[in-house]
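All residue numbers refer to positions in the sequence shown, counting from 1. Hydrogens, waters and symmetry mates are skipped; everything else that's a heavy atom, side chains included, is used.
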Amino acid sequence: MPDPLPAIPAEAAHAQRALRQDADPGRVLALALCGAGSVQVLCAIAECEPDRIAASPLAGLVRLRGGRFRFADAVLRVQVLAAATSHERLRAHRLLAQILEHAGEVDAALWHRARGAVVGDPALVGPLLASARDALRDADAGRAWSRATEAAEHAPPGTSTRAGALLLSGQAALAGGWLVDAMERFEQALRIDHGHRGEAAAGFVLAHVLRRGAVPAPDPRVSAEAIARGGGLAALLSAPFEATRGDRGPGVRRLAAGASDDGGALARVTRALRAGLDGDPDAGIRALAEPDATACAEPLLGLHAGAPLLRARQAVAIVLLHAWAGRIGSARELLSDSAAELPVALPFGGLAVALCRRLELAVDGRIGPLSLELAAAAPWTHDTDGFVDRAIDAYLRGRSDEAAVHMALWRDRGGSSGRFGLPGLDEIGPLGASVAPEPPEAVRARALRERIRAARESSWRTDFEAVAAASRGIRSPFERARVEALLGSTAASRGDRGRGVRHLRAARSLFEESGALAWRDLAGRRLRALGERRRPRSEGPVVEGGDATPSPLAVCRAMWEPVLTARELDVALLMAEGRTNKEIALALHVSVRTVEVHGGRVFAKIDVRTRQELTVLAHRTDQHL
């Protein structure tokens, strides 16, 4: 967030009401510029002793805690700063420089002295740049940016000193994830033909690729070496790790290469993700939780190990590892917390945007504001994941026919997630669709779900027993829950209601454990369609007055919805009622030929050969509790 925030004219009257008449405007402005600090600084601004602060005209503007103060009213602070003239600001900065220097806060005093100077002072450039470098090492990109930017203002135009200040301010902006500012500063440094051109060119390429997804247009000031350095680092920071099913090579090769040559901070994340892909996401999380032994390593184009941009990459990796472990609720909370302070939309080609959508859908059943904010911040995300997102949304709302349409569109557009191990939707849609690299448990669970969908009437009980036994070895509660849910729905749709209820109950419990509450609610709705009236407290109270034993065809509608389209479901249920094709055509306002086509698809999908078999199957679904 910018500091200060933009002023709102409508709030101008608020400042007049909030400020005491006896408050010195210059002291109020100095307090607003300072924003926060020690009580010693507050006493100097207010010109009083500590025991007199409560009676000071400035007392109502601050909050005190632990020997520190902060300006309490953010709106008032904005208005005070916006109303000040340039001359008033200069005087306030000079006052703060004196106060802070007397209080021993040398770095803050230096900055205010620079801000209070009427003309450029080259003597301030060296100390400001030293402060900026210290701030970068301390992972304080905001302080580094302010010091380096001020140093550039005081450096003589066209000199190597100014180029160095511009380079450092660009590196600070890059570390903070402010790509537009970084590109602007690097480009300004490139215009000065001095020894900083190589670093500035590589930084410009890196920021350009992260911002626009491509290397910049040919420029004589940007050498092939700079493109290789900046573009290579950008590839490691933003790589989405695309790969097709059956060929994990591209993604894994990038990880392997990164582990050896991308520097300590990036290699650490790379090794953690490789551990997750090898089947142990918790080992990756533990590795990232340990103190970073490479924190003092040589920075990559000015990016120290603690830079917000690199910490954002680590944060996204941790969220992904938790999702791979099946802790969906925890992953969503971690991503939300990280997004509040880090540029998480930038690493891995905007992976966090797609990951956030999947997590919000799994937990809340809808795409929320955080996903929209991350999408707005991500500079160049473009893929076909939106079809899968819409399919999941429809599926969780019980509209399986609509979900099937979105999955068909996804398949038509290439049928590959293009994303590194995101949970998709294979309960419906094409079998054997291409996916990106994912952990072994996700591969195994997806194979089990495909086996359930492909099971035939003659062997489905045997297949189901084998799938159920194999699913017990899946440690991820989310992946196993999806297998259990598909087992339950399919068993009930084939007439084995008792088995369906047992598996759906297991799915509901596992979804609850994983934090995937929208998936839990889907399992709960299917259980209620099978006649279960008792629900967990977290799903709300039972609605009294309903029929505790729904009709067989009502059960069929609930159990066949994940398998059939809406029109196929209508045809199937009318056939189960004993209607002829002509009667069905009249009821649905379609031709008899259309009914025949839909009927043929129904027979193939639920694995029956005649109307009689379909009718028997439909009317026995409630006889197996």
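Ala173 approaches Ala182 most closely through the heavy-atom pair CB-N, 3.6 Å. Considering every non-hydrogen atom in both Ala114 and Leu128, the closest pair reads CB-CD1, 3.9 Å. Annotation for Gly198 and Ala226: closest pair O-CB, 4.4 Å, computed over non-hydrogen atoms. Scanning both residues, Ala275 and Gly284, for their nearest heavy atoms gives CB-N, 4.0 Å. Of all non-hydrogen atoms in Ala394 and Ala403, the two that sit nearest each other are CB-N, 3.8 Å. Nearest heavy atoms, Pro477 versus Gly326: CG-O, 3.6 Å.
Here side chain to side chain donor-acceptor pair (under 3.5 Å) pairs that include residues 214-226, with residues two or more places apart or in two chains, are Asp219-Arg221. Within the structure, side chain to side chain donor-acceptor pair (under 3.5 Å) contacts touching residues 147-158 (residues at least two apart or in different chains) are Asp107-Arg147, Arg115-Glu150, Glu150-His154. Among residue pairs with one or both ends in residues 279-289, those qualifying as salt bridge (Lys or Arg N to Asp or Glu O under 4.0 Å) are Asp282-Arg327; sequence neighbours excluded. Among residue pairs with one or both ends in residues 175-187, none qualify as salt bridge (Lys or Arg N to Asp or Glu O under 4.0 Å); sequence neighbours excluded. Sorted by first and then second residue, the ring pair (Phe, Tyr, Trp, His ring centres under 6.0 Å) pairs with a member in residues 112-139 read His93-His112; sequence neighbours excluded.
The side-chain hydrogen bond (donor to acceptor under 3.5 Å, both in side chains) test applied to Asp134 returns Arg137, not counting sequence neighbours. With sequence neighbours excluded, the residues satisfying side chain to side chain contact (heavy atoms under 4.5 Å, CB included) with Arg390 are Phe387, His406. Residues meeting the side-chain hydrogen bond (donor to acceptor under 3.5 Å, both in side chains) test with Asp426, sequence neighbours left out: Arg449. For His208, the side-chain hydrogen bond (donor to acceptor under 3.5 Å, both in side chains) partners at least two apart in sequence or on another chain are Arg212. Judged as a side-chain hydrogen bond (donor to acceptor under 3.5 Å, both in side chains), and not counting sequence neighbours, the contacts of Arg482 are Glu427. Residues that satisfy the side chain to side chain contact (heavy atoms under 4.5 Å, CB included) test with Pro122, not counting sequence neighbours, are Pro156.
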Stepwise side chain to side chain contact (heavy atoms under 4.5 Å, CB included) test for Trp519 and Tyr395
CA-CA 10 Å; Trp519 285 86; Tyr395 186 78; 3.8 Å; yes

Derivation of the salt bridge (Lys or Arg N to Asp or Glu O under 4.0 Å) call for Arg446 and Glu441
CA-CA 8 Å; Arg446 179 164 41 79; Glu441 284 209 335; over 6 Å; no

Hey, mind stepping through Glu402 and Asp393 against side chain to side chain contact (heavy atoms under 4.5 Å, CB included) and telling me if it holds?
CA-CA 10 Å; Glu402 181 182 336; Asp393 179 66; 5.8 Å; no

One pair to check against side chain to side chain contact (heavy atoms under 4.5 Å, CB included): His322 and Ile285. What are the steps and the verdict?
CA-CA 8 Å; His322 275 284; Ile285 294 170; 3.6 Å; yes

Candidate pair His87 and Arg91, rule side chain to side chain contact (heavy atoms under 4.5 Å, CB included), full reasoning:
CA-CA 6 Å; His87 182 64; Arg91 286 194 302 175; 3.9 Å; yes

Please step through salt bridge (Lys or Arg N to Asp or Glu O under 4.0 Å) for the pair Asp121 and Arg113, ending with a clear verdict.
CA-CA 10 Å; Asp121 185 356; Arg113 187 163 67 253; over 6 Å; no

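Put simply, the side chain of Arg229 never gets that close to the backbone of Ala202: no donor and acceptor are under 3.5 Å apart. With hydrogens and angles disregarded, a donor-acceptor distance shorter than 3.5 Å links the side chain of Glu88 to the backbone of Thr85.
Here the side chains of Val316 and Ser338 are not in contact, with every heavy-atom distance at 4.5 Å or above. Asp389 places a side-chain heavy atom less than 4.5 Å from the side chain of Arg358. Proximity of Leu273 to Leu277: side-chain heavy atoms (C-beta onward) are nowhere separated by under 4.5 Å. Here the side chains of Leu210 and Leu346 are not in contact, with every heavy-atom distance at 4.5 Å or above. Counting heavy atoms from C-beta on, the side chains of Arg313 and Leu351 never come closer than 4.5 Å. Side-chain contact check for Arg162 versus Ile192: some heavy-atom pair is nearer than 4.5 Å. At least one side-chain heavy atom of Leu237 sits under 4.5 Å from a side-chain heavy atom of Leu206. Using a 4.5 Å heavy-atom cutoff, the side chains of Val353 and Val344 are not in contact.
Rounding to the nearest 0.5 angstrom, the gap separating the OG atom in Ser169 from the CG atom in Leu129 is 9.0 Å. Distance check, rounded to the nearest 0.5 Å: OG of Ser476 to CZ of Arg444 gives 10.5 Å. Atom CZ in Phe348 sits 8.0 Å away from atom CG in Leu320 (nearest 0.5 Å). A distance of 13.5 Å separates CZ of Arg271 from CG of Asp278, quoted to the nearest 0.5 Å. The CG atom of Leu190 sits 9.5 Å away from atom CG of Leu167, with the distance rounded to the nearest 0.5 Å. Here the OG atom belonging to Ser336 is positioned 8.5 Å from the CD atom belonging to Glu333, to the nearest 0.5 angstrom.
At a threshold of 4.0 Å, the pair Glu341-Arg311 counts as salt-bridged, since one of the basic side-chain nitrogens sits closer than that to a carboxylate oxygen.
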Kindly list each side-chain donor-acceptor pair under 3.5 angstrom involving residues 359-371, sequence neighbours excluded, with atom names and distances?
unit_1	atom_1	unit_2	atom_2	d
Glu360	OE1	Gly368	N	2.6
Glu360	OE1	Ser371	OG	2.6
Asp364	OD2	Arg332	NE	3.2
Asp364	OD2	Arg332	NH2	2.7
Ser371	OG	Arg357	N	3.3

